[in-house]
Amino acid sequence: MSEPTAPTDKVVTRFAPSPTGFLHIGGVRTALFNWLFARHFGGTYLLRIEDTDRARSTQEAIDAILDGLAWMGLSGDEAPVFQFARAARHVKVAQGLLEQGKAYYCYATPEELAEMREVAKAEGRSMRYDGRWRDRDPAEAPHGIPPVIRLKAPQDGETVVQDLIQGEVRVVNAQLDDMVLLRSDGTPTYMLSVVVDDHDMGVTHVIRGDDHLTNTFRQLQLYDALEWRAPQFAHMSLIHGADGAKLSKRHGALGVEAYRDMGFLPEAVFNYLLRLGWSHGDDEIISRDDAIKWFGLDAVGKAAARFDLTKLSSLNAHYLRLADDARLIDLMAPRLTEITGAPLDDAGRARLEKGLAGLKTRAQTLIELADKAAFYVRPRPLVPTDKAARLLAGGADHLRAVAGILADVAEWQAEALESAVRGYVEVSGAKLGEVAQPLRAALTGSTESPGLFEVLEVLGRDESLARIGDALT
RNA sequence: GACCCCAUCGUCUAGAGGCUAGGACACCACCCUUUCAAGGUGGUAACACGGGUUCGAAUCCCGUUGGGGUCGCCA
């Protein structure tokens with residue numbers, strides 16, 4: 001519930017994803033909180049790839065995770081630790097426990113376990129291994145059945161977690177069973193590996209998803225058996241989908257790269273995720289530096305939060321405006337090329353640099369920004385939208401007249417262009433919109449755009465006049 | 001089902017016994033305006049329910065309801 005005092009040891013946190021799929025948004029948030037906590041206390045943030053499930057771990061997933069973290073600026077402070085590579089160490093620890101009589105061989109077959117499960121279900125309780133080999137003489141071991149090694153866990157009393165987010169959570173030991181440490185093929189289980197690795201890596205604070213809370217009791221029992229000092233735990237609530245259901249693969253859970261591809265900036269995702277379940281008074285827009293300064297586990301909420309793409313979008317719109325123009329243009333380039341069919345050239349880039357400020361307030365994502373910027377770099381002649389075409393048809397006379405006036409403007413600059421057009425509007429007795437809209441349609445091919453005179457200036461005299469000429473033919 | 005956890009506007013949240021329950025996103029209205037945005041102003045909107053404790057509960061306790069997590073030789 002609280003964080004009574006600052007940690008006395010040097011803080012070491014870790015993010016430990018298993019590479020069995022993409023790095024989903026919940027994982028990014030876990031990484032973020034670990035990173036922030038370490039940074040706040042001047043500690044170290046480590047990465048561990050939990051690749052012990054050889055069948056499901058893929059290099060592709062490892063790359064996706066590493067790339068996603070890099071994109072978010074959440075790469076580990078040191079090279080990632082690969083858990084599978086440490087299997088021999090894990091096995092050794094299990095053997096040690098066996099020698100001390102704190103673990104034992106269990107020959108229960110999968111069939112026997114399935115039976116226990118059935119019985120448990122029928123009796124309306126959770127499945128627990130009944131400890132049938134716990135105190136049995138190893139001499140009774142059946143032939144041909146490779147055993148697993150189980151921890152001889154305490155059967156009385158209770159195990160208590162002082163969770164930095166959830167507060168004190170306790171469970172009676174009778175509720176827990178003797179967990180498997182080494183599988184029958186001799187490989188270590190997750191429970192063992194995590195405990196050994198966190199210990200060996202000097203992890204002081206385990207900040208992870210709520211789904212690990214019940215695992216913590218077992219891990220604590222292991223720490224006890226090993227006589228190791230357990231790290232502090234902090235379990236953060238999970239992110240839910242917009243409808244309140246758990247975010248799952250078929251439920252809107254996407255990899256970070258999906259958000260990147262949707263046109264979100266990493267700083268927006270950072271800010272959004274930070275505020276999901278954590279707050280600092282009424283602050284909404286929070287910089288990385290302030291986040292580091294302010295972050296603490298005591299302000300992390302216990303309730304699950306729903307993922308809201310709309311709010312992310314609004315944050316993204318904010319960061320888009322703050323972002324450096326050259327960077328934005330680089331990020332938009334691929335999309336622009338897709339639209340125009342040609343790589344962005346220097347002339348196009350120059351126009352974008354000039355017109356970007358006027359575009360930024362009109363987009364929430366990079367995709368939108370590129371779409372709205374496209375008219376600046378599209379090759380002539382422009383293909384007008386249906387609405388724009390109608391405007392062109394109805395306003396041809398005004399357009400023709402204003403084209404002549406524009407051609408005579410000495411200084412091709414927004415202010416002068418505006419007074420020229422307004423001058424025409426006045427003498428012709430038309431409304432500004434009756435002149436401006438056809439002009440906009442000719443210049444942009446659309447009925448919506450940044451300010452008309454800004455567009456004229458950015459496009460330049462030659463291009464502007466040429467586009468108007470195109471529209472008039 | 002068993003065990004554990006959670007519960008303030010539609011959403012993210014502030015609130016740590018006494019607030020006209022605040023902010024942000026979204027939404028609505030108005031202003032600004034050459035379009036679309038942006039911006040400005042104002043507005044609608046919440047303490048899940050029921051019991052306690054207390055002079056006084058969004059805040060503390062119990063229960064109900066609802067939601068979530070876990071129950072693997074996966075991680």
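These numbers come from the heavy atoms of this one structure, side chains and all, not from hydrogens, waters or symmetry mates. In what follows, every chain begins at residue 1, and chains take the letters A, B, ... in the order their sequences are listed.
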Could you walk me through whether A/Gln162 and A/Glu168 pass the side chain to side chain donor-acceptor pair (under 3.5 Å) test, one step at a time? CA-CA 5 Å; A/Gln162 297 292 347; A/Glu168 182 180 282; 3.0 Å; yes
At 4.0 Å (heavy atoms only), tell me whether [X] reaches a base, stays on the sugar-phosphate, or touches nothing.
{"X": "A/Gln175", "answer": "sugar-phosphate"}
{"X": "A/Asp185", "answer": "nothing"}
{"X": "A/His212", "answer": "base"}
{"X": "A/Tyr272", "answer": "nothing"}
{"X": "A/Leu359", "answer": "nothing"}
{"X": "A/Thr52", "answer": "sugar-phosphate"}
{"X": "A/Pro450", "answer": "base"}
{"X": "A/Ser449", "answer": "base"}
{"X": "A/Gly451", "answer": "base"}
{"X": "A/Leu276", "answer": "sugar-phosphate"}
{"X": "A/Arg321", "answer": "sugar-phosphate"}
{"X": "A/Ala357", "answer": "nothing"}

Proximal nucleotide (of [options]) relative to the [X] side chain:
{"X": "A/Leu213", "options": "B/rC4, B/rA75, B/rU70", "result": "B/rC4"}
{"X": "A/Thr310", "options": "B/rC6, B/rU70, B/rA26", "result": "B/rA26"}
{"X": "A/Asp282", "options": "B/rU70, B/rC73, B/rA14", "result": "B/rA14"}
{"X": "A/Ser279", "options": "B/rU70, B/rC6, B/rU13", "result": "B/rU13"}
{"X": "A/Ser18", "options": "B/rU70, B/rU34, B/rA75", "result": "B/rA75"}
{"X": "A/Ala305", "options": "B/rU13, B/rU70, B/rU35", "result": "B/rU13"}
{"X": "A/Gln83", "options": "B/rU34, B/rA75, B/rG22", "result": "B/rA75"}
{"X": "A/Arg440", "options": "B/rU34, B/rC3, B/rU70", "result": "B/rU34"}
{"X": "A/Thr214", "options": "B/rC36, B/rA7, B/rG69", "result": "B/rG69"}

What does [N] pair with, Watson-Crick or G-U, if both distances are under 3.5 Å?
{"N": "B/rC30", "value": "B/rG40"}
{"N": "B/rU20", "value": "none"}
{"N": "B/rC25", "value": "B/rG10"}
{"N": "B/rU35", "value": "none"}
{"N": "B/rA58", "value": "none"}
{"N": "B/rU64", "value": "B/rA48"}

### Query
Parallel, tilted or perpendicular for A/His24 and A/Phe22, by the 30°/60° rule?
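Rings of A/His24 and A/Phe22: perpendicular, over 60°.
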Notebook entry, point to check: Parallel under 30°, tilted from 30 to 60°, perpendicular over 60°: which one fits the rings of A/Tyr259 and A/Phe264?
Noted result: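 Ring orientation of A/Tyr259 relative to A/Phe264: tilted.
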Please check the phosphate of [N] (OP1 and OP2 only) for any side-chain N or O of [X] closer than 4.0 Å.
{"X": "A/Arg422", "N": "B/rU34", "value": "yes"}
{"X": "A/Arg117", "N": "B/rG72", "value": "yes"}
{"X": "A/Thr447", "N": "B/rU35", "value": "no"}

Rounded to the nearest angstrom, tell me the gap between atom [atom1] in [X] and atom [atom2] in [N].
{"X": "A/His280", "N": "B/rA24", "atom1": "NE2", "atom2": "P", "value": "17 Å"}
{"X": "A/Asp177", "N": "B/rA2", "atom1": "CG", "atom2": "C1'", "value": "13 Å"}
{"X": "A/Lys302", "N": "B/rA16", "atom1": "NZ", "atom2": "C1'", "value": "13 Å"}

How far, in whole Å, is [M] from [N] if one measures between their [atom1] atoms?
{"N": "B/rG40", "M": "B/rA45", "atom1": "C1'", "result": "22 Å"}
{"N": "B/rU34", "M": "B/rA26", "atom1": "C1'", "result": "29 Å"}
{"N": "B/rC30", "M": "B/rG69", "atom1": "C1'", "result": "48 Å"}
{"N": "B/rA57", "M": "B/rU41", "atom1": "C1'", "result": "36 Å"}
{"N": "B/rG66", "M": "B/rA46", "atom1": "P", "result": "23 Å"}
{"N": "B/rU65", "M": "B/rC49", "atom1": "P", "result": "16 Å"}
{"N": "B/rG43", "M": "B/rA24", "atom1": "P", "result": "12 Å"}
{"N": "B/rC47", "M": "B/rC36", "atom1": "P", "result": "38 Å"}

Taking [atom1] in [X] as the centre, count heavy atoms belonging to other residues, nucleotides or ligands within less than 6.0 Å. Is the count above 12?
{"X": "A/Glu426", "atom1": "CD", "value": "no"}
{"X": "A/Asp324", "atom1": "CG", "value": "yes"}
{"X": "A/Glu115", "atom1": "CD", "value": "no"}
{"X": "A/Gln95", "atom1": "CD", "value": "yes"}

Let's test your reading of the model: under 3.5 Å, does the base of [N] pair with the side chain of [X] as donor and acceptor?
{"X": "A/Lys311", "N": "B/rA26", "answer": "no"}
{"X": "A/Ser184", "N": "B/rC73", "answer": "yes"}
{"X": "A/Arg306", "N": "B/rU11", "answer": "no"}
{"X": "A/Asp210", "N": "B/rG69", "answer": "no"}

* Asked: Can you name the closest pair of heavy atoms from A/Lys302 and A/Ser237 and give their distance?
  ->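 Minimum heavy-atom contact is O-CB, 3.3 Å.
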- Item | N-O pairing of A/Asp178 and A/Lys152 below 4.0 Å |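 No, no charged N to carboxylate O under 4.0 Å.
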- Task: Could you say whether A/Ser314 or A/Leu452 is positioned toward the 5' end of RNA chain B, judged by the nucleotide with the nearest heavy atom to each?
- Result: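 The answer here is A/Ser314.
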5'-most contact on RNA chain B: A/Glu284 or A/Phe453, nearest heavy atom basis?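 It is A/Glu284, whose closest nucleotide lies nearer the 5' terminus.
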* To do: Among A/Asp210, A/Asp211, A/Asp163, find the one that has a side chain to side chain donor-acceptor pair (under 3.5 Å) with A/His235.
  =>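 It is A/Asp163, the one option of A/Asp210, A/Asp211, A/Asp163 that forms the side chain to side chain donor-acceptor pair (under 3.5 Å) with A/His235.
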Problem set entry | Modelled atom types, side-chain donor and acceptor of A/Asn271 and A/Glu267, under 3.5 Å |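 The criterion, which ignores hydrogens and geometry beyond distance, is not satisfied for A/Glu267 and A/Asn271.
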Short of 4.0 Å, heavy atom to strand atom, which residues of residues 144-160 of chain A count as contacting RNA chain B?
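By residue number: A/Val148, A/Arg150.
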| query | Pick one: which of A/Val93, A/Leu97, A/Val91 meets side chain to side chain contact (heavy atoms under 4.5 Å, CB included) with A/Leu181? | reply |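 Among A/Val93, A/Leu97, A/Val91, the one meeting side chain to side chain contact (heavy atoms under 4.5 Å, CB included) with A/Leu181 is A/Leu97.
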